[in-house]
Structure formats: structure tokens, C-alpha cells
Amino acid sequence: AQSVAQPEDQVNVAEGNPLTVKCTYSVSGNPYLFWYVQYPNRGLQFLLKYITGDNLVKGSYGFEAEFNKSQTSFHLKKPSALVSDSALYFCAVRDLYNAGNMLTFGGGTRLMVKP
Amino acid sequence: GAVVSQHPSRVICKSGTSVKIECRSLDFQATTMFWYRQFPKQSLMLMATSNEGSKATYEQGVEKDKFLINHASLTLSTLTVTSAHPEDSSFYICSARGTGLTDTQYFGPGTRLTVL
């Protein structure tokens with residue numbers, strides 16, 4: 001079985017400050033990790049993914065995430081938050097080498113960036 | 001990234017009627033398509049997975065006779081909510097993935113269904 005935990009329901013940060021949205025995962029095989037963002041009444045937009053290689057992955061809109069195998073974490077980060085980054089963020093995982101495996105999502109973290 | 005479209009974006013219908021939602025992958029071939037349901041302030045709940053030309057695989061607790069899924073081509077999947085009731089009101093999101101082992105799963109913009 002695979003699972004994703006996003007321990008924070010909401011993260012508040014001031015505009016211009018760095019932000020971190022936490023994610024830890026559990027998967028029996030090799031983790032294939034994703035971050036998605038959802039704006040109100042919209043579907044999910046792909047931000048970035050980790051397959052193999054460099055542990056620091058860069059994605060859209062200046063976001064990056066760091067894969068940490070020992071801590072089974074894949075935290076989302078951005079050096080300087082924008083008010084427009086306010087949205088709902090989902091971390092997801094699936095087993096890389098089991099294509100039949102579905103994506104498992106975390107519960108989501110609402111990011112609020114205040115001016 | 002790749003684009004997945006969904007139509008309609010919003011639909012209001014009367015109880016007892018059927019509603020069809022279309023999901024299209026616009027610039028890639030989607031071997032596998034997924035349908036999710038999202039309740040307010042909650043994460044996505046997978047309803048079913050469909051592979052092109054095959055019957056959909058439904059998650060436990062999802063009525064296959066109520067939520068009819070057709071994946072007729074590599075770019076189109078449809079979800080039909082039959083005999084809709086107010087409790088079916090929700091946000092439905094489709095998703096599509098290509099054939100490669102490392103293909104990303106892309107999501108449509110969602111359909112807000114309101115059953116009166």
C-alpha cells in the first residue's frame with residue numbers, strides 16, 4: 001500500500017518570504033512523486049515531479065521540491081512567495097515501476113500568502 | 001505541459017436526468033484516463049480508471065451502473081451520471097496519462113455538477 005501525508009492543512013506566509021509545504025510518503029517500490037496546485041473551482045495543474053537523479057527538482061512558477069529518501073519526504077519550496085501562489089497544493093505518489101499503480105494523493109495543504 | 005480539456009465546466013440538472021461529461025487529451029494520446037470526485041475542502045477521490053477500448057475499473061463503493069464510463073479513443077473519455085440525484089452534486093475531475101512508464105498524469109479543469 002502507498003500513502004501520502006501532508007501534515008499541515010494550511011500554511012500562512014508573507015509575500016516575499018520563503019515558503020515550504022511539507023509532504024511525506026510511503027510506497028513499497030520506487031517512489032514517483034508529484035506536486036500539483038489547484039486554484040478555486042479548477043482542476044489540478046502539474047507543478048513538478050521526481051523520478052530519479054538529482055534530489056532537487058525544479059518546476060513551474062519558481063517552485064522546487066527536494067526528495068529525501070531517508071526521511072521519505074518531498075517538501076515543496078519557493079524562495080520568495082507571491083500572493084498569486086495562494087492555492088491548494090497536493091502531493092502525490094505512485095510506484096514508478098508499476099504502471100498499473102494509481103496516484104495516491106495527500107489531503108492537500110492550503111497556502112495563504114498575505115501581502 | 002500537456003492539456004486535458006473537460007466539458008461542460010458547469011452543469012445544473014433536475015433530479016432523475018442523466019448528465020454526460022467529456023474529457024479530452026488535446027495534444028497527447030491517453031492510454032489511461034481517470035475520473036475523480038472532489039468534495040468541498042477535500043482531496044480527490046478516484047472513482048474509476050479506464051484504458052482505451054477496455055471496460056473501466058471502478059473503485060470500491062462506486063456504482064458502475066450509475067457512473068458510466070466510456071473510453072472510446074485515445075483522446076476521449078466520457079462519464080455519464082445516470083438518474084442523477086442531489087447527492088451526486090460534486091466537482092468531477094478527469095485525468096489522463098500516456099503510455100510511458102514515467103508519463104505524467106495531467107488533469108482537466110473539472111466539472112461542477114449541481115443536481116436540483
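It should be emphasised that the depicted structure is a prediction, and the values quoted were computed from it without experimental measurement. Chain letters run A, B, ... following the sequence lines, proteins first and then strands; every chain starts at 1.
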So does [X] have more than 12 non-hydrogen atoms from other groups sitting under 6.0 Å from [atom1]?
X: B:H7; atom1: NE2; result: no
X: B:K20; atom1: NZ; result: no
X: A:K22; atom1: NZ; result: no
X: B:R10; atom1: CZ; result: no

According to a 4.5 Å side-chain heavy-atom criterion applied to Ile, Leu, Val, Met, Phe, Trp and Tyr, with indirect links allowed, do [X] and [Y] form part of one hydrophobic cluster?
X: A:Y25; Y: A:Y36; result: no
X: B:L44; Y: B:L79; result: no
X: A:V4; Y: A:F34; result: no
X: A:L48; Y: B:F107; result: no
X: A:F63; Y: B:Y106; result: no

Which answer fits [X], side chain, backbone, both or neither, if we ask what part of it has an atom under 4.5 Å from a heavy atom of chain B?
X: A:Y39; result: neither
X: A:Q38; result: side chain
X: A:I51; result: side chain
X: A:D9; result: neither

Has the side chain of B:S43 got a donor or acceptor atom that lies under 3.5 Å from a matching backbone atom of A:F105?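 Looks like no, no N/O pair under 3.5 Å.
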Over all heavy atoms of both residues, which pair between [X] and [Y] is shortest? Give the atoms and the distance, please.
X: A:F46; Y: B:T104; value: CD1-CG2, 3.6 Å
X: A:F90; Y: B:Q42; value: CZ-O, 4.1 Å
X: B:F91; Y: A:R42; value: CE2-O, 3.5 Å
X: A:N41; Y: B:R112; value: OD1-NH2, 2.9 Å

Chain B interface, residue from A:G108, A:G43, A:G106, A:S60 that has the most non-hydrogen pairs under 4.5 Å: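 Answer, by heavy-atom pair count under 4.5 Å with chain B: A:G43.
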Q: Answer yes or no: is there a side-chain heavy-atom contact under 4.5 Å between A:L103 and B:L46?
A: no
Do B:F34 and A:M102 come close enough that some side-chain heavy atom pair is under 4.5 Å? yes
Whatever's closer than 4.5 Å to a heavy atom in chain A on B:Q38 counts as side chain
**Under 4.5 Å from a heavy atom of chain A, the part of B:Q105 involved** =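 Answer is both: backbone and side chain atoms of B:Q105 are under 4.5 Å from chain A.
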